[in-house]
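In this chain, numbering begins with 1 at the start of the sequence shown.
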Amino acid sequence: MATGDFLAAAMAFAAAVSTASGQFDSCTSDVAILLPSPFNASVFTCRPIWNSFILRYSQSPGNILSIVLSAPYTSGWVGMGFSNDGLMVGSSAMVGWIGRAGKAHIRQFYLRGQSSSQVIVNEGRLLRSGVKPAVLLYGSSIYLAFQLKFLAPVAEKKLLFAFATETPNGFHLTKHDDKVSVTFDFSAGSSSGSSYPYKLKRNHGALAIFGWGVLLPIGAIIARYCKEWDLLWFELHLAFQFAGFLFGLAAVVTGISLYNKIHADVRVHRGIGIFLLVLGILQILAFFVRPDKDSKIRRYWNWYHHWVGRLLLFFSAINIILGIKVGEAGTPWKVGYGFNLTIILLACIFGEIMLWGRLSKKPVADPPS
């Protein structure tokens, strides 16, 4: 089919999808008899995918997969990727958008890494047929139409879908606003849900914040500012620190499991996490070798215990902030941990003021005559 015929077919498809410019596309749109070959809607299978993304596809002889992807659109870009493992890195994607001058663009990108500089235009492992791809905007939806050639009939594939509301600068894609990874069976027309371990990532972050970022700081605050509570301060300090370490250890375990699944390039975050685990283990061991109060080496143990604890708390906060950033956790996580950190800092400031007040009221012994 000639390029002009394909564009005319795609235009006919877009015109038939919606009867009003304010409507989104759906699989109930009556386009069955209006789209000519090779994008003939009568032989296309249509499936809702995610966030009002609609996938229409058809396989033809020669292992040619014809795809029309539609999604709600006001600005930015929309993309569909093919991955070997359900992850972004190493995948290839077809991305379409309407430029600032109103010109439609569609390009293949190779996702070499997670940063924008590692998303390479006009590269990738997708084999295209001789039909030129196209992007069309109609009403409130954008349509990406393209054909891909495979070595065998297409069955189950791991697909990525993403969008951004910020228009690309030239051919440099802006960071996505949201994304999803699904396993889709083109032979059965069904998807099995996300293959990306989103829940595991959330659990890792929640455990780390609760253990390293909440329980351990509370335990340290009790030890420094609440010693007037007789032995109760020590029991509470011990309980909070042991609980914090256990939650922190669980965060490390889930972090290792998460890394084994996605192999993310987060070397600094991982390195600090291992460092925190070592410091935590040292603090636990220090408890079992704590000398008596009357021991000559008790002051050295106190110095070690206090400063290792402070170092652990400082790097815990750094690593939680870093984890929220590299994990693309979003505004709720930033605001939540920011609020938690603010409360802890205010409690420390108030505690130091109270501690200074108590120390200043203690009588000073007269020097011996």
Side-chain angles (χ1 to χ4, degrees), residues 9-36 38-60 64-83 86-88 91-98 104 106 126 133-148 150 153-165 176-199 330:
M11 287 293 291
F13 168 78
V17 166
S18 176
T19 59
S21 61
Q23 291 182 332
F24 294 136
D25 186 20
S26 71
C27 284
T28 60
S29 300
D30 187 13
V31 297
I33 61 173
L34 300 178
L35 188 64
F39 291 89
N40 193 326
S42 63
V43 295
F44 269 46
T45 301
C46 182
R47 293 289 182 270
I49 296 293
W50 163 76
N51 272 7
S52 298
F53 278 48
I54 302 295
L55 178 65
R56 289 178 173 86
Y57 66 93
S58 176
Q59 297 195 62
S60 57
I64 300 295
L65 180 65
S66 300
I67 290 176
V68 177
L69 175 69
S70 66
Y73 187 84
T74 54
S75 62
W77 56 263
V78 170
M80 174 180 176
F82 290 76
S83 172
L87 305 178
M88 169 184 168
S91 64
S92 301
M94 297 297 294
V95 180
W97 68 95
I98 306 299
I106 183 168
L126 300 177
V135 163
L136 301 158
L137 181 63
Y138 185 83
S140 301
S141 296
I142 192 171
Y143 301 85
L144 280 63
F146 54 92
Q147 282 189 341
L148 301 176
F150 294 87
V154 182
E156 190 174 89
K157 288 288 183 181
K158 296 185 184 299
L159 304 179
L160 308 173
F161 297 92
F163 71 91
T165 54
H176 59 259
D177 291 353
D178 203 358
K179 65 183 184 301
V180 72
S181 171
V182 303
T183 300
F184 190 85
D185 190 344
F186 283 95
S187 60
S190 61
S191 60
S192 59
S194 174
S195 59
Y196 186 87
Y198 291 104
K199 185 176 180 180

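Residues passing the side chain to side chain donor-acceptor pair (under 3.5 Å) test with S83 are D85, sequence neighbours excluded. Legend: residues meeting side chain to side chain donor-acceptor pair (under 3.5 Å) with W97, ordered by chain and number and at least two apart, are absent. Contacts of F82 classified as ring pair (Phe, Tyr, Trp, His ring centres under 6.0 Å), with partners at least two apart in sequence or in another chain: none.
Counting heavy atoms from C-beta outward, L126 and F146 have side chains that stay 4.5 Å or more apart. Side chains of F163 and P72 form no contact here, defined as non-hydrogen atoms less than 4.5 Å apart. In this structure, V154 and Q59 have side chains that are in contact, with non-hydrogen atoms separated by less than 4.5 Å. Proximity of R56 to S70: side-chain heavy atoms (C-beta onward) are separated by under 4.5 Å at one or more points. Using a 4.5 Å cut-off on side-chain heavy atoms (C-beta onward), L159 and F186 make contact.
The distance from the CD1 atom of I54 to the CD1 atom of I49 is 8.0 Å, given to the nearest 0.5 Å. The distance from atom OH of Y57 to atom CG of L65, rounded to the nearest 0.5 Å, is 9.0 Å. Remark: L144 CG to I106 CD1 distance equals 4.5 Å, nearest 0.5 Å. Atom OG1 in T183 sits 11.5 Å away from atom NZ in K157 (nearest 0.5 Å). Atom-to-atom distance recorded for L137:CG and T74:OG1 is 9.5 Å, nearest 0.5 angstrom.
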Fill in: side chain to side chain contact (heavy atoms under 4.5 Å, CB included) between W50 and D178, worked out
CA-CA 11 Å; W50 163 76; D178 203 358; 3.7 Å; yes
Worksheet item: Passes side chain to side chain contact (heavy atoms under 4.5 Å, CB included), V180 versus F53? Steps please.
Response: CA-CA 11 Å; V180 72; F53 278 48; over 6 Å; no
